[in-house]
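Residues take their numbers from the sequence shown, with the count starting at 1.
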Amino acid sequence: LAIAVLLWPTAEYIAEQWLTPQSLDSETVLVAVRTIGIYVAIRWPVAFYTGALNGAQRMDVQNLLKASAATVRIGVGILVILASPSVTAFLAWFAISAALELLAFVVVTHRVIPALGFRPYFSLGAIRSVWRFSLTMAVIAILSMLITQLDRLFVSKLLHLANLAGDGV
């Protein structure tokens, strides 16, 4: 939710100043950036349910869900492109597919681990027992993301959007 809330007001800057669209109108790019924010926000909780299935040692179920979601996302995505070749339709499908994937993970995880409640709650005791480990893992994840994605961030600023899509080469 925080990702979508942060991306929504900054989407206009990203669409017009950062990505510098040439062949696409700025409204299309703005809608695309906001849809990507929604997609990322919906996909984020899947990591929690993936972790729960890993903890229950049900990687078979987790892998089946992941493979099924990827197959549906890409398969229907191809159909969407063929039916309506627009970036907004394609990204809208990706956001919808993320919601369907999250729903599948929620339902299956709660069937595999019936004790897992549907209502989230905050446990200060649980945080106290793992905060050092969690902080270390968070720093590693952030550094890993920066190392693997920073080049893309710089390229997206240096090149026009048409060059990134292959239209301007």
Side-chain angles (χ1 to χ4, degrees), residues 1-11 13-15 18-19 30-81 87-157 164:
L1 186 60
I3 293 167
V5 168
L6 288 173
L7 240 156
W8 200 268
T10 59
Y13 170 79
I14 294 169
W18 191 271
L19 294 176
L30 175 64
V31 170
V33 170
R34 286 185 172 156
T35 306
I36 290 169
I38 292 168
Y39 168 78
V40 170
I42 294 171
R43 288 263 312 130
W44 199 269
V46 170
F48 167 74
Y49 292 101
T50 298
L53 289 172
N54 280 340
Q57 297 184 357
R58 292 306 308 264
M59 281 68 100
D60 57 332
V61 174
Q62 173 205 335
N63 289 333
L64 179 64
L65 283 170
K66 282 181 151 186
S68 300
T71 302
V72 170
R73 180 177 297 118
I74 299 301
V76 175
I78 291 170
L79 296 176
V80 168
I81 290 172
V87 69
T88 51
F90 180 71
L91 290 174
W93 161 246
F94 259 50
I96 292 167
S97 72
L100 293 173
E101 179 182 15
L102 177 59
L103 179 64
F105 265 92
V106 168
V107 169
V108 170
T109 303
H110 285 282
R111 288 191 183 194
V112 170
I113 311 169
L116 187 64
F118 276 104
R119 202 177 116 218
Y121 62 93
F122 186 78
S123 172
L124 194 57
I127 291 185
R128 280 190 192 129
S129 69
V130 297
W131 77 269
R132 284 185 181 97
F133 174 76
S134 295
L135 181 63
T136 303
M137 293 307 293
V139 168
I140 290 170
I142 290 169
L143 288 174
S144 173
M145 182 182 66
L146 284 173
I147 289 169
T148 59
Q149 302 298 320
L150 205 55
D151 61 330
R152 291 169 180 91
L153 186 66
F154 286 127
V155 168
S156 71
K157 179 59 180 161
L164 296 175

Asker: Which atoms form the tightest heavy-atom contact between I113 and A52, and what is the distance?
Answerer: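 Between these two residues, the closest heavy atoms are CD1-O, 3.5 Å.
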Asker: Check whether S97 reaches the backbone of F94 with its side chain - one donor and one acceptor, N or O, closer than 3.5 Å.
Answerer: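 Looks like yes, one N/O pair under 3.5 Å.
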Asker: Any heavy-atom pair between the side chains of L146 and I142 that's under 4.5 Å?
Answerer: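 I142 reaches L146 side chain to side chain.
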Asker: For a quick test of reading the model, state the closest non-hydrogen atom pair linking S129 to A126 and the distance between them.
Answerer: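 So the minimum-distance heavy-atom pair works out to OG-O, 2.8 Å.
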Asker: Are R73 and W93 in a cation-pi contact, defined as NZ or CZ under 6.0 Å from the six-membered ring centre and within 45° of the axis?
Answerer: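 Pair R73/W93 does not count as cation-pi.
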Asker: How far does CZ of F48 sit from OG1 of T50, to the nearest 0.5 angstrom?
Answerer: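 Output value for this atom pair is 10.5 Å.
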Asker: How far does CG of L91 sit from CZ of R34, to the nearest 0.5 angstrom?
Answerer: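 L91 CG to R34 CZ: 14.0 Å, rounded to 0.5 Å.
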Asker: Mind checking the CD1-CG spacing from I127 to L135? Nearest 0.5 Å is all I need.
Answerer: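 Spacing of CD1 (I127) from CG (L135) equals 12.0 Å.
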Asker: So, S144 side chain and I140 main chain: donor-acceptor pair closer than 3.5 Å or not?
Answerer: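 Answer holds: no.
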Asker: Of all heavy-atom pairs between A95 and I42, which one has the smallest distance, and what is that distance?
Answerer: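 Scanning both residues completely, I find the closest heavy atoms to be O-CD1, 3.9 Å.
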Asker: How long is the span from the CG atom in L103 to the CD atom in E101, to the nearest 0.5 Å?
Answerer: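 Spacing of CG (L103) from CD (E101) equals 11.0 Å.
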Asker: Can you list the steps and then say if V80 with V76 is a side chain to side chain contact (heavy atoms under 4.5 Å, CB included)?
Answerer: CA-CA 6 Å; V80 168; V76 175; 4.1 Å; yes
Asker: For I78, enumerate each residue passing the side chain to side chain contact (heavy atoms under 4.5 Å, CB included) test, keeping only those at least two apart in sequence or located in another chain.
Answerer: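 I78 satisfies side chain to side chain contact (heavy atoms under 4.5 Å, CB included) with I74, L82 once adjacent residues are dropped.
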Asker: Test of understanding: with side chain to side chain contact (heavy atoms under 4.5 Å, CB included), list the residues that count as partners of N63, not counting sequence neighbours.
Answerer: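 Here the qualifying residues are M59.
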Asker: Rounded to the nearest 0.5 Å, what's the gap from CH2 on W8 to CG on L30? Could you check?
Answerer: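 If we round to the nearest 0.5 Å, W8:CH2 and L30:CG are 8.0 Å apart.
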Asker: Apply side chain to side chain contact (heavy atoms under 4.5 Å, CB included) to L65 and list each qualifying residue two or more places apart in sequence or on a separate chain.
Answerer: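 Counting only residues at least two positions away or on another chain, L65 forms a side chain to side chain contact (heavy atoms under 4.5 Å, CB included) with L53, V61, A104, F105, V108.
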